[in-house]
Amino acid sequence: MMVKPAVRKAILALMVSSLLGCSAFDNTHYAEQARQTEAKTSQQLLEQLLASSASGSQDILAQPVARLTDLINVPELQTFIKAALQNNPSLQQSVVALNMAYAQHGITSASRLPSVDASFSGSSTEDSDDSYTTDITVSWELDLWQKIADSSNAALKDIASSQASLQSAQDLVAANVMRSWLDISLQQQLVTIETQRLAVLENNQALIMARYRVGLGSLEDLDNANTSAASTRATLVSYQEQLAQSKRDLTLFTGQWTGKNLVADVSAQFPTVINPISSLGQQNLGRRPDVKAAFYNIEAESLRTDAAYKAMLPSISLSASLTDMAESPSDALLTGPLWSVLGQLSAPLFQGGKLKSQAELARLTTEQHYWVYQDTLLNAVNEVENTVGQEYSLAKQQQYLTEAQMSAQRSFVSYEEKYRQGLVDIFDLLTVQQQTYDIEAQLATTIYNRLVNRIDLGLALGLGVSA
């Protein structure tokens, strides 16, 4: 029974629709749903944060923040960030990965263009003339179903994902340099605090020794003073080494080890770090490089899913060749070639379910990347909420510690005078002295944590460095 041409066309159209339907659905389902989820989540999160910031911290600076490096305006620090972005080995690995993605796109895109092959051969047989053959063949597969175009576009999405990953690596390097800069300031302050503590304890030793010699003190008082001074010396040595390590870390981030000490003059006073909450209304989670990369991965795998389903469809290829055969090499260089043209229609009939399994694997890979995106988005929300909460918590801690420091300083002066008058013993004086310097060190550490948290908040909100 003969099938009419119109019926054959209808069957072919139905086959194409059934093969492409699932792929198109997946593409729309995963990529579009991911986009809608991000927009909805960002809107709800920012509304919540803006509402809490209006009644939260009262010292939010109003400066606009566009980039991560806007948070700290220290020219010498910017020089270190620039050097790190140019030389950091970890960052250069991301640069190479991006270049590899470009190269892969070139390989994929080449399939859309005709290929040209040329060959020249010669043969010599006993009792016969030499024979030389020249052949030039041009072949091209028609991208009838846009299968090759889908693969090429997927490679473009891979490039976009690699670009986002590179941006994330750049942002992290800049943030690490900024954190290291702040850590140097903190360690210098802690060294200063311990040096002051040691000076006071050594004065106590001298005073107790003088009182002991005239019979006004005890040997236990002298031992306690010696113990406190020795313990402080040990702590001071530890802080000095931590300061040296912080300077070495800053040098490490720049990717330029010179074997010399850090030449940068980092102030012991903390620099001003702008609070990114002041620009919450301009931020959304879609600006985060990791969220971008995860979304581009969904789109890339969706396109590969389309290509995998289209691999089940018939393909059409064309080839044309020029062939010349002669008894000498010069006469065989297409002086009188014969041409031929071949058109070929092929379709996979049976491959043991290989193509179907490949298409299913591609679809599942797309779904997997969708859930990776969801995980990345949830982590982004969690990071923003945690860092915003830390900003308010550390602000209150700083306020209370400042009040405690002022009270401890007044108590320190009072107890020192009372001890000289013999109204309190050495235990009371040492306790008050230790408490004063402990609170001062705790306050410096809290301020450091708050400033570092602002850098973390900038990263969480998607602030980055200039590409």
Side-chain angles (χ1 to χ4, degrees), residues 41-74 77 168 171-187 189-190 242 246 249 269-291 375-405 438-465:
T41 303
S42 295
Q43 181 66 24
Q44 292 178 344
L45 176 63
L46 293 179
E47 287 178 356
Q48 173 185 338
L49 296 179
L50 287 171
S52 61
S53 64
S55 58
S57 179
Q58 300 299 320
D59 64 338
I60 296 176
L61 301 178
Q63 293 96 324
V65 179
R67 297 185 301 271
L68 188 67
T69 49
D70 292 338
L71 299 179
I72 304 178
N73 185 21
V74 178
L77 171 59
S168 180
D171 297 345
L172 183 59
V173 166
N176 285 335
V177 173
M178 296 163 69
R179 294 186 188 112
S180 183
W181 189 275
L182 293 173
D183 188 57
I184 293 175
S185 296
L186 171 64
Q187 298 304 327
Q189 292 183 42
L190 294 179
Q242 291 179 32
S246 297
D249 289 342
Q269 299 298 319
F270 290 122
T272 299
V273 180
I274 300 175
N275 191 344
I277 297 179
S278 61
S279 58
L280 270 177
Q282 305 172 11
Q283 310 301 326
N284 61 77
L285 296 177
R287 294 181 55 178
R288 286 178 53 124
D290 56 343
V291 175
D375 186 44
T376 304
L377 186 62
L378 288 175
N379 286 332
V381 172
N382 184 258
E383 288 177 8
V384 173
E385 290 182 324
N386 286 343
T387 49
V388 170
Q390 278 289 89
E391 170 63 28
Y392 298 142
S393 174
L394 291 169
K396 292 180 180 178
Q397 293 178 46
Q398 181 179 342
Q399 176 186 349
Y400 296 144
L401 286 172
T402 301
E403 297 174 356
Q405 182 189 28
D438 288 344
I439 292 176
E440 189 173 351
Q442 187 178 357
L443 176 59
T445 303
T446 301
I447 296 175
Y448 163 79
N449 290 334
R450 186 182 182 190
L451 299 183
V452 168
N453 182 74
R454 290 184 174 184
I455 298 173
D456 296 340
L457 177 56
L459 287 175
L461 292 173
L463 295 180
V465 298

**OP:** Taking N379 for its side chain and T376 for its backbone only, find out whether a donor-acceptor pair lies under 3.5 Å.
**Re:** no
Subject >> Polar side-chain atom of R287 near backbone of L463 as donor-acceptor pair, under 3.5 Å >> reply: no
**OP:** Quick one: pull up CD in Q399 and OG1 in T446 and give me the separation to the nearest 0.5 Å.
**Re:** 12.5 Å
Subject >> L443 side chain reached by Q398 side chain, heavy atoms, under 4.5 Å >> reply: yes
Original post:
Can you tell me how far the CD atom of E440 sits from the CG atom of L190, to the nearest 0.5 Å?
Top reply: 9.5 Å
Original post:
Of all residues at least two apart in sequence or in a different chain, which pass the side chain to side chain donor-acceptor pair (under 3.5 Å) check with N176?
Top reply: R179
Subject >> Atom pair OG1/CG of T445 and L401 - distance to nearest 0.5 Å >> reply: 9.5 Å
Original post:
Mind checking whether L459 and D171 have side chains closer than 4.5 Å, heavy atoms only?
Top reply: yes
Original post:
Mind checking whether D183 and L186 have side chains closer than 4.5 Å, heavy atoms only?
Top reply: yes
Original post:
Within a strict 4.5 Å, meaning less than it, do heavy atoms of the D456 and E383 side chains meet?
Top reply: no
Original post:
In chain order, what residues pass the side chain to side chain donor-acceptor pair (under 3.5 Å) check against S393, with sequence neighbours excluded?
Top reply: Q397
**OP:** To the nearest 0.5 Å, tell me how far I439 CD1 sits from E403 CD.
**Re:** 11.5 Å
**OP:** State, yes or no, whether a side-chain contact exists between I72 and I455 at a heavy-atom distance under 4.5 Å.
**Re:** yes
Original post:
Where is the tightest heavy-atom contact between A380 and V291, given as atom of each residue plus distance?
Top reply: CB-CG2, 4.3 Å
**OP:** Please tell me if the side chains of T387 and L461 come closer than 4.5 Å, counting only heavy atoms from C-beta onward.
**Re:** no
Subject >> OG1-CG distance between T272 and L71, expressed to the nearest 0.5 angstrom >> reply: 11.5 Å
**OP:** With the side chain counted from C-beta on, respond yes when R454 and P276 share a heavy-atom pair under 4.5 Å apart, and no when they do not.
**Re:** yes
**OP:** Provide the closest heavy-atom pair for F270 versus L182 in the form atom of the first, atom of the second, distance.
**Re:** CE2-O, 3.6 Å
Original post:
So, for L451 and P271, which heavy atoms are closest and what is the spacing to 0.1 Å?
Top reply: CD1-O, 3.9 Å
Original post:
Distance from M178 atom CE to L68 atom CG, nearest 0.5 Å?
Top reply: 4.5 Å
**OP:** Not counting sequence neighbours, which residues clear side chain to side chain donor-acceptor pair (under 3.5 Å) with D375? List them please.
**Re:** none
